Every structure is written in structure tokens, then in C-alpha cells.
2 protein chains.
Amino acid sequence: MMVSSLTLPDALMTLDSNTPAALRPHDHDACIDAALAAAEQTCKEQGLRLTPIRRRVLELVWQSHRPVGAYELLEALSADGRRAMPPTVYRALDFLVNAGLVHRLATLNAFVGCHDPLHPHQGQFLICGDCRRVVEFHSGSVNRSLDRKARNLGFELTEQNVELLGRCSDCRDAH
Amino acid sequence: MMVSSLTLPDALMTLDSNTPAALRPHDHDACIDAALAAAEQTCKEQGLRLTPIRRRVLELVWQSHRPVGAYELLEALSADGRRAMPPTVYRALDFLVNAGLVHRLATLNAFVGCHDPLHPHQGQFLICGDCRRVVEFHSGSVNRSLDRKARNLGFELTEQNVELLGRCSDCRDAH
DNA sequence: CGTGCATTTGATATACTATAACAATAAGAG
DNA sequence: CTCTTATTGTTATAGTATATCAAATGCACG
Ligand SMILES: [Zn+2]
Ligand SMILES: [Zn+2]
Ligand SMILES: [Zn+2]
Ligand SMILES: [Zn+2]
């Protein structure tokens, strides 16, 4: 399997429109497949074990570009036939978050698949308050501004959590 | 009462050191008094009612520059003699957050007094992972970067939640 | 005043989010 | 195969937040 097939599909990488690819119509099955393939690669490289439960939770997180709560995942797991309990899903989520495959959105107590797990980073997110879809971004200028400000105030940064709430163009167009 | 006495005391406004004033030794009673006075002014101006419970919760939030949880506030209220229940403190906190007098830190599920309630804004915070103290800041360059990025992605921003975790200079000095 | 309406608070119950602790099982190393 | 460690199962509980309705309070108006 070629490395290029392990990254997200072209539909999500296109930059010729302002509208983020995740908010445009696209072949979402390809997103899921790519996320799972990238997860396999990351775990293999780092000696992590992507067990069936972890893989399944990741797949469930990727069912949409909307954040999903732990107990929603729990229901979905139970629908699979497993009689899963909370620690099962939280442990899987802990693993996925630590592996950089999933991000937790603190303002929503919910989880969303990482769009670029092969390049470790911390989250910056745009959340549409109407349709709840989430766009992950990474802005060098935001990072530089934050780093500079933190350094000026005597802080050594270890983690960042940037969550912006707003309204996406689709929802604005729909009044 | 003059307006200048309603803003935070000079100790918190000094800019000649990199260390934020809130992290340096200072007369914290003056912080509390100033915060309460500013709250009275804001509420009067906006036709909001700073009732005894709300005022007391604000005072309790300002007991330190560390974020405080709703149930800690609840205990403190109960120690006052009131037999407060969760909705009481959550309603007071809702009011204070909406009035711009208190900020909620989503990553900590905790609340901290706003350093500049007279100038409405959204939160940008540095949190020391060692001593848990919080410094609120407002960076024009961060805001510009975020606004520009959001606009590029087709988003209209309504709220921002920027929480940076790190280590303050005091804690770094103390190994 | 006194009446009526809106806001705030009291009180009970419950929903939602997350973890502790320990037992059972499965995976990997030698 | 056996030892060791990592993972999962299971039960219980901790921690955070809200829904709902009743009582009390504040305020506008006549
Ligand atoms: Zn990511
Ligand atoms: Zn939308
Ligand atoms: Zn503030
Ligand atoms: Zn510190």
C-alpha cells in the first residue's frame, strides 16, 4: 500500500476554495478509509496497538465531521453487539487522543477525528454553532502570536486549546 | 466615587515587568474590592441586578487568581450559612459570565474573575499547570490572526475560547 | 398603598461526563 | 510454555450541569 493512500483523500486537501473541504460535498467513505489507514500507519510506526475496540471507536468518530460525545460512541458500540461500559470507550478515546488520532473539544465535551494525524500538532478549531460541523486548522501566524505572547508573560507553553465558535458559510447562506 | 477607583488597582496594571501582576505579590484585597466595584458599575450601566447571591459568588471567585469549580463555590456558600444547592451557584455563574464579570475555562470546568469587565471581550488565558494560576490576556495580533483565518475558511466568528497550558516563571524557577 | 407581572431564588430530581479499583483476559518476550 | 505487561470487563462512584415547578421577591402602574 502506497504512503499517499494513507493520507486524507484529495477531496479534503483541495485548497482552491475558501470553503473547507470537510464542509463541501465529498466522498466521506474515503475520509473514513483514509483516517483508518493513517491510524494503522501511525500506530505501526510508534509501536502502538490499534486494537479492534480502538479501531472501531476511531471509525465511529469519523462517521461525520461533527464532534461526537463519549456516550454516543458508547451507544454505537453497544449497537454493535458488545455490551460496552463507559471505561471501555473512555480508554479507547484516551488512547486515540494520546496517539494524535482524535482531538477532544473541551467546549463541547466531544471528540473529533484529527485531519492530519501524521504530523503531530495541537488543535485549533472552528465550530459552526448551527450545523455543529467542525473544521480543524493550523495557523502559523496564530501559533507565532500565541508563542510570543506567552513568552512575554513568562510562560513556557506545553499545550494549546483554541476553539472558535461561529457560523459556517453554508449556514449563513441558508439564512 | 471616581471611575478610576472602579478599575483594577495599579498593582495589576503595571506593565514594566514581564511577570504578570497577578503572579507577583500584591494586595489582593484591592483586587477583590476593585472587581466588586467594577461589577456594581457594569450592572448599573446595563440595568442588571447584582443580587446578594451573585455578588457573593463573584467575591468568592475573586478569592484568588486560580480558577474555582462550581462545587467549591457551593461549599463556600454553604459555609456562609446558606444551604445552597447546585442551581443556585450555576445560575449566579451564568449571570456573571453573561455579564462579562467572570470567564469559564472549558478545559478545567472552572471559573475565574475577569480582569477587565468594563471592556467586553472574549477570553484568552494562560494556565500554569503547576500552580494552577491563570493569567488573562488579550492579544490584538492573536485576534487578527484568528479573524483572518476564520474569514478565509468562510466562518463568521461569534465566540472564542483560547486556553494555553504551560508553566509560569515562578514555577520554572522553582525547578 | 395594593394589584399584577416578571425576575429571582428554593428545592427536588435527574441528566450528563468521567474515573477509581480490581478482576479477567489477551498479547508479546524470552 | 511461562512470565510479564497491556488491554479489556465489570461494578461502583465521582464530578459537572440542567430541567422543572413552587415560593418569594422586586418593580411598574393605577
Ligand atoms: Zn489534528
Ligand atoms: Zn454550519
Ligand atoms: Zn476577561
Ligand atoms: Zn505556576
Side-chain angles (χ1 to χ4, degrees), chain A residues 39-40 42-61 66-99 101-112 132 161 163, chain B residues 39-40 43-44 46-61 66-99 101-112 132 161 163:
Chain A
E40 304 275 13
T42 309
C43 290
K44 179 159 295 179
E45 284 174 4
Q46 302 184 241
L48 302 174
R49 288 170 53 195
L50 190 65
T51 64
I53 292 179
R54 291 166 177 174
R55 191 176 199 282
R56 178 63 179 146
V57 169
L58 180 60
E59 194 179 10
L60 289 169
V61 166
R66 292 180 173 80
V68 57
Y71 279 75
E72 290 176 74
L73 294 168
L74 193 55
E75 279 185 42
L77 276 183
S78 296
D80 280 356
R82 312 175 184 277
R83 311 177 307 294
M85 304 305 286
T88 300
V89 66
Y90 278 104
R91 283 190 287 227
L93 287 168
D94 279 353
F95 171 86
L96 294 169
V97 168
N98 288 327
L101 299 167
V102 161
H103 294 291
R104 178 169 187 272
L105 299 178
T107 60
L108 300 176
N109 295 323
F111 300 84
V112 69
R132 312 306 289 175
N161 188 278
E163 300 181 28
Chain B
E40 304 274 13
C43 289
K44 180 160 293 179
Q46 301 185 240
L48 303 173
R49 290 169 52 194
L50 190 65
T51 63
I53 291 178
R54 291 167 177 173
R55 192 177 199 282
R56 179 62 178 144
V57 169
L58 181 60
E59 195 179 10
L60 289 168
V61 166
R66 292 180 172 80
V68 57
Y71 280 75
E72 289 177 73
L73 293 169
L74 193 54
E75 278 185 43
L77 276 184
S78 297
D80 280 356
R82 311 176 185 278
R83 311 177 308 294
M85 304 305 287
T88 299
V89 66
Y90 278 104
R91 283 190 286 227
L93 287 168
D94 280 352
F95 171 86
L96 294 169
V97 168
N98 287 326
L101 299 167
V102 162
H103 295 291
R104 178 170 188 272
L105 299 178
T107 60
L108 299 177
N109 295 324
F111 301 83
V112 69
R132 310 307 285 175
N161 187 280
E163 300 181 30

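By convention in this document, chain letters (A, B, ...) are assigned in the order of the sequence lines, proteins followed by strands, and residues within each chain are numbered from 1. Remember, it's a predicted structure, so these values are computed and weren't measured experimentally.
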Requested in this report: Indicate for each nucleotide in nucleotides 14-25 of chain D, in 5' to 3' sequence, whether protein heavy atoms under 4.0 Å reach the base (B), only the sugar-phosphate (S), or nothing (-).
Outcome: --BBBBB-----
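Distance A/L77 CG to D/dT8 P: 11 Å, rounded to the nearest Å. Rounded to whole Å, the distance from CZ on A/R82 to C1' on C/dT25 is 14 Å. Residue A/L105 contributes atom CG, which lies 17 Å from atom C1' of C/dC16 at whole-angstrom precision. Atom CZ of A/F95 and atom P of C/dT19 are 17 Å apart (whole Å). If you take CG of B/L96 and P of C/dT8, they are 12 Å apart, rounded to a whole angstrom. Atom P of nucleotide D/dT8 and atom CG of A/L74 are separated by 15 Å, given to the nearest angstrom. Rounded to an integer number of Å, the gap from CG of A/L50 to C1' of D/dT8 is 15 Å. Between A/R54 atom CZ and C/dA27 atom C1' the separation is 12 Å, expressed in whole Å.
Side-chain contact check for A/T42 versus A/L101: some heavy-atom pair is nearer than 4.5 Å. A/L108 places a side-chain heavy atom less than 4.5 Å from the side chain of A/R132.
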Check the interface with nucleotides 4-6 of chain C: list each N/O to N/O pair with the protein under 3.5 Å, or write none.
none

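Atom-to-atom distance recorded for B/T88:OG1 and B/R56:CZ is 14.5 Å, nearest 0.5 angstrom. How far OH of A/Y90 is from OH of A/Y71: 5.0 Å, rounded to the nearest 0.5 Å. Note that CG of B/N98 and CG of B/L48 are 9.5 Å apart. Values are rounded to the nearest 0.5 Å. Residue A/R54 holds its CZ atom at 10.0 Å from CG of A/D94, rounded to the nearest 0.5 Å.
Look at B/T51 and you'll find a side-chain N or O under 4.0 angstrom from OP1 or OP2 of C/dT9. The phosphate of C/dG10 (OP1 or OP2) has a side-chain N or O of B/T88 nearer than 4.0 angstrom.
For B/E40, the CD atom counts as densely surrounded, since its 6.0 Å shell holds more than 12 non-hydrogen atoms of other residues, nucleotides or ligands.
Remark: of the listed residues A/L73, A/V68, A/L58, A/L73 is the sole one forming a side chain to side chain contact (heavy atoms under 4.5 Å, CB included) with A/L93.
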Requested in this report: Using the side-chain contact (heavy atoms from CB on, under 4.5 Å) rule, take A/F95 and A/L50 through it: C-alpha gap first, then chi angles, then the decisive distance, then the call.
Outcome: CA-CA 9 Å; A/F95 171 86; A/L50 190 65; 4.2 Å; yes
